[in-house]
Every structure is written in structure tokens, then in C-alpha cells.
There are 2 protein chains.
Amino acid sequence: MNSAEKLPHPEREDLELTEVLQALSDPTRLALVRELEAGPLDMVDCSALGPDTPKSTRSHQVKVLREAGVIISELHGRNRRLTLRRDDLNARFPGLMAAILSSAEEAG
Amino acid sequence: MNSAEKLPHPEREDLELTEVLQALSDPTRLALVRELEAGPLDMVDCSALGPDTPKSTRSHQVKVLREAGVIISELHGRNRRLTLRRDDLNARFPGLMAAILSSAEEAG
DNA sequence: CCAATAGTTCAACTATTATCGAACCATGAA
DNA sequence: TTCATGGTTCGATAATAGTTGAACTATTGG
């Protein structure tokens, strides 16, 4: 009876700026976060992760974002649903995500 | 007769978000940038770079910030003067530096 | 000109990250 | 219960990033 997580997520107060920046400094992960701006998405539906990318690689990218506290990754049926941790990020680093998400798309 | 640079700096329009984030994702470099918030500083006077740190290491850290477009590094007498590229960063990524610089100090 | 200071560059080394196949695990559907 | 789906984990390897000593450059002061 636990449709929630299983994988560890850092507490809000444990989020570290340098780790968040590091997690977001990768184009693929940044694109994924931009996708999540619109709302939660199942991992399998994230186009940023690319359908060609092997499962293990996708899993790794998501893990980095989760461990940095940028997203929540919870079990949802047989999928994994990804949610941007807006509130936690805004509480800890006010304005950061707004600035990052609103900035121009790279290398389009 | 050239008291200015010599080392290459990227143009404002070439600054890339992921590179900036990467450059700032290191605690030492972030601390240096925080120090530069108050105004330009000669490299030798930057406490963030630590007096124990070898010259080559300090030079490397500064290089990463320069190449990402976060700072300007110009010759100033026999020193190198570091300046935060506030205007360029604000133009390209509005609110980003404000959010980063105002966020709580890490691991204090 | 000579020495000292401040820094760059290079090359070697270390360490951290990323990529990906293979094996495994949980859920939902038939 | 069995199978397909969607993912995790592990281990190996590749790629990238950081650290540092040594040699070199540029500037100031004597």
C-alpha cells in the first residue's frame, strides 16, 4: 500500500546550492527540468531523455537530479513519475529556478 | 601599452547557461564569485583562492570562471584584476546571479 | 640590467562523472 | 501465475575535470 517512493530524496534543508547547480549544468538534465516545468511527467514520456538513450543512462540522469533535490521520483503504477521540487527549491534558493527556467534555450 | 587583457573572454551573446552553472557548481569558485560581488579584486587578494593553494590551481579556477564568462580577468600592474561580469550575466540570464549570490552560504 | 612578484602554460597524474550492457525487480494486464 | 513493461543496480570502461610541479612570461622596483 505504498505507491510512493522507495528511493531516497534529500530534505529541503539539506539541499546544497553547488549540488543543484551541478545537476543542472548538464544540457540533457536541464532540458528535462524544463519539461517538468509544465507539470509532472512519467519518465517514459520525457522526450528530453530520448527514446534512443539506454535505460541505464536515463535512470542515471534522473538519479542525479533526484539526489540533488531537484526532482521527486515516485512510483506511479508501473511508471516512475517525476515532479519538479518547486516549493523546496524556491524556499531554499529564492528566484533560482525562475531565473534558470526563464532563460533562453541553449543551442537550439 | 596594453594594460588590458590578453586572455580570451567569450562575448555576451555566447555565454551558455550550462557552462555558467558548471563554473559555479564548485564551492571554491562560488566563494570567489561571492567575494567579487563587493567589487573587483586582484587575484592575489582573493581569500577564496586560499594562500596555500598552488599558483597553477588558482590560475585554473580563475580560468574556468573566465571561460564561462562569469568574470573578466585583466592585467593590472603586475597583478590580475578580477571583475564579475554582472551586466553581461544579467542581460543573458536575468535574475540568475542575484538568486545565486543572495542564497544562503553553504557548509558554514 | 637584475631580481622579485604574480601569474600562465604544459604535462602528468588523480578523481570524479558519464555511458551502457546485463542481470535483476516490481507492477499491471491477460 | 505468467508475461511484458518500465525501471533500478552493478560493474566495466570512457570521458571529463581538478591538482600540481616545473618551466616560462610580464611587470615593477632597485
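Computed over heavy atoms, backbone and side chain alike; hydrogens, waters and symmetry mates excluded. To find a chain, count down the sequence lines: A is the first, B the second, and so on, and within it residues start at 1.
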[X] [atom1] to [N] [atom2], straight-line distance once rounded to whole Å:
X        : N       : atom1 : atom2 : result
Arg58(B) : dG18(D) : CZ    : P     : 17 Å
Asn79(A) : dA4(D)  : CG    : C1'   : 13 Å
Glu67(B) : dT16(D) : CD    : C1'   : 14 Å
Leu32(B) : dG18(D) : CG    : C1'   : 16 Å
Leu65(A) : dG7(D)  : CG    : P     : 15 Å
Lys6(A)  : dA26(C) : NZ    : C1'   : 6 Å
Lys63(A) : dA18(C) : NZ    : C1'   : 12 Å
Arg80(A) : dG28(C) : CZ    : C1'   : 16 Å

Report task. Please work out which residues in residues 38-57 of chain A have a non-hydrogen atom less than 4.0 Å from an atom of DNA chain C and list them by number. Result -> Pro54(A), Ser56(A), Thr57(A)
Is the side chain of [X] donor-acceptor paired with the backbone N or O of [Y] at a distance under 3.5 Å, no angle test?
X        : Y        : result
Ser25(B) : Gln22(B) : yes
Thr53(B) : Leu49(B) : yes
Arg80(B) : Val44(B) : no
Gln61(B) : Thr28(B) : no
Ser59(A) : Lys55(A) : no
Arg29(A) : Leu65(A) : no
Arg92(A) : Leu15(A) : yes

Query raised in the report: Base, sugar-phosphate, or nothing: which does Arg81(B) touch, judged by heavy atoms less than 4.0 Å apart?
Result: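 Arg81(B): no heavy atom of the nucleic acid under 4.0 Å.
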Report summary line: Closest to the 5' end of DNA chain C, once Arg78(B) and Val64(A) are matched to their nearest nucleotides, is Arg78(B)
Report task. From the options dG18(D), dA26(D), dT19(D), select the nucleotide whose nearest atom is closest to the side chain of Gln61(B). Result ->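 Comparing dG18(D), dA26(D), dT19(D) against the side chain of Gln61(B), the answer is dT19(D).
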Requested in this report: Examine dA18(C): is either OP1 or OP2 under 4.0 Å from a nitrogen or oxygen in the side chain of His60(A)? Give yes or no.
Outcome: yes
